[in-house]
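Letters A, B, ... mirror the listed sequences (proteins, then strands); counts begin at 1. Because the structure is a prediction, the values reported are computed rather than measured.
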Number of protein chains: 2
Amino acid sequence: MARTTGSHSDITGPRIRETALRLFARHGFAAVSMRQIAGEVGVQAGALYNYMPDKQSLLFGLMQGHMQELLYESAARTIAADIIARLEDFTRFHIRFHLEKPDAVFISYMELRNLTPENFAIIEGLRRSYEDTLESILRDGSASGVLDVTDTKIATLAVIAMLNGVNTWYRDDGRLTLDEIETIYWDMVRKAVVPNQPIGSD
Amino acid sequence: MARTTGSHSDITGPRIRETALRLFARHGFAAVSMRQIAGEVGVQAGALYNYMPDKQSLLFGLMQGHMQELLYESAARTIAADIIARLEDFTRFHIRFHLEKPDAVFISYMELRNLTPENFAIIEGLRRSYEDTLESILRDGSASGVLDVTDTKIATLAVIAMLNGVNTWYRDDGRLTLDEIETIYWDMVRKAVVPNQPIGSD
DNA sequence: GTTTTATCTGAACAAACGTTCAGATAGCTT
DNA sequence: AAGCTATCTGAACGTTTGTTCAGATAAAAC
């Protein structure tokens, strides 16, 4: 046997990436074999190498694609003049985007150590670019006095870590709607970085 | 050759666990071989099986030990009457404990998917027990009006996610002391869950 | 209808995997 | 000094790994 009926590059290619993304997220990069991916796609392992030079490139491509899409979508948003509005928009966008692509988010955080040093540096650079969009909001707000953060870099990482936490517990059939979740988190983020005057503090 | 000079169970055993912990944290459970662990310890791979039935048990033992120590240390703390004091104590304890054992923390979060279902259930149970200590603080504070959280469960996970984020960027030779870091995070945690009255809000 | 090209198979490769075990010996016990 | 036992070696096992490639064929081009 050889080329199978209905075989097409523009069908098999995406299916390989979808399958790899799902399997990597579920079992981890190192625990998933090329034969396993090929099996779920419906081809032999050798066929995968028409679409990638090696397994490492497959992982890197998935992570790079995800980070670039994140940056693109993030940059495409209109920037409000109001700092608080910008922060709220970032918060809601981050939660929504990350909940839409849990697998890609998962591997982009968990499989960093399986990248070659060169690939790792590229992905880290993309991540830092994204973090910078939040950090510049916090820095601008801090400078104008609208926000009150002790250390903008730490606050940036703290807020992102908190928001990323949603992915660990969110379920589609949960008791809260996406909008309710966004609002709860936005409430906490806002309070954490806005200058406040605690009620009942002595 | 056979038994080597100075070979002892109470030396080799801990060294195997230390080495495995470090390698699992650095490269991932699936990517680390028994021969690799044995090589760094200075024995042959077969010798490892005097200390564990299989590789899975090694991973589970490390995670279980870590979680039990976390729970033990957490439970050993004196419980203040004041809710705010309890929350501050939890925050500072969590950061300090987790920064002291970055490798154990790392694998306890990252390698959950490499546990058998039975082992996974046990570790998840331990984690939930720990989360409950924070949730009960937030619930008590919410009931008495000292705290203001929309959803105690979400707030619990959000705070823990935020605090865990420290481990991703902390370096021993960083520009901030441990106490300064604790204070910055405690400031954000407190503001996020305390009822407040924003300054300059219209 | 023929030729060309893109796509896949199926077998093969050396290397690495977790695990087992008979045999050897260092160190403790007596 | 002799015997015992805990500890380790070194080889072996059957699988599985990522990757390569000659050969086969469906689909596209002409």
Q) Between dT9(D), dT20(D), dG18(C), which nucleotide has the shortest distance from any of its atoms to the side chain of Tyr49(B)? A) dG18(C)

Q) Arg127(A) side chain to Ser108(A) main-chain N or O, any donor-acceptor pair under 3.5 Å? A) yes

Q. Going by heavy atoms closer than 4.0 Å, what residues in residues 30-37 of chain B are next to DNA chain C?
A. Val32(B), Ser33(B), Met34(B), Arg35(B)

Q: Mind running side chain to side chain donor-acceptor pair (under 3.5 Å) on His94(A) and Tyr130(A) for me, showing each step along the way?
A: CA-CA 10 Å; His94(A) 184 97; Tyr130(A) 178 67; 2.6 Å; yes

Q: Ignoring backbone atoms, test whether Thr12(B) places a side-chain nitrogen or oxygen under 4.0 Å from the OP1 or OP2 oxygen of dC8(D).
A: yes

Q.
Donor-acceptor check, side chain of Arg15(A) to backbone of Val41(A), threshold 3.5 angstrom: yes or no?
A. yes

Q) Arg17(B) versus Tyr51(B): any side-chain heavy-atom pair under 4.5 Å? A) no

(Q) In this structure, how many angstroms lie between the P atom of dG10(D) and the CG atom of Leu48(B), rounded? (A) 15 Å

Q) When Val189(B) is tested against each of Ile95(B), Val194(B), Leu87(B) for side chain to side chain contact (heavy atoms under 4.5 Å, CB included), which residue passes? A) Leu87(B)

**Q.** Under 3.5 Å donor-acceptor, Arg26(A) side chain and Asp103(A) backbone
**A.** no

Q: Provide, to the nearest angstrom, the distance between the CG atom belonging to Asp10(B) and the P atom belonging to dA26(C).
A: 19 Å

Q | Under 3.5 Å donor-acceptor, Glu111(A) side chain and Phe106(A) backbone | A | no

(Q) Could you check whether Arg77(B) makes a cation-pi contact with Phe90(B), meaning its NZ or CZ is under 6.0 Å from the centre of the six-membered ring and within 45° of the ring axis? (A) no

Q) Is there a donor-acceptor contact under 3.5 Å from the side chain of Asn167(B) to the main chain of His98(B)? A) yes

Q.
Between C1' on dT7(C) and CD on Gln44(A), what's the gap in Å once rounded to a whole number?
A. 13 Å

Q: Look at the rings of Phe24(A) and Phe29(A) and say which category their plane angle falls in: under 30° parallel, 30 to 60° tilted, over 60° perpendicular.
A: perpendicular

Q: Send over the distance from Arg15(A) CZ to dT7(C) C1', rounded to a whole Å.
A: 15 Å

Q: Identify, residue by residue, the members of residues 50-62 of chain A with a heavy atom below 4.0 Å from DNA chain D, and return them in order of residue number, or none.
A: Asp54(A), Lys55(A)

Q: For Asp132(B) and Ser129(B), run side chain to side chain donor-acceptor pair (under 3.5 Å): C-alpha distance rounded to whole Å, both residues' side-chain angles, the deciding distance at 0.1 Å, then the answer.
A: CA-CA 5 Å; Asp132(B) 282 346; Ser129(B) 290; 5.3 Å; no

N/O contacts under 3.5 Å, protein versus nucleotides 4-6 of chain C?
residue: dA6(C); atom: N3; partner: Arg3(A); partner atom: NH1; Å: 2.8

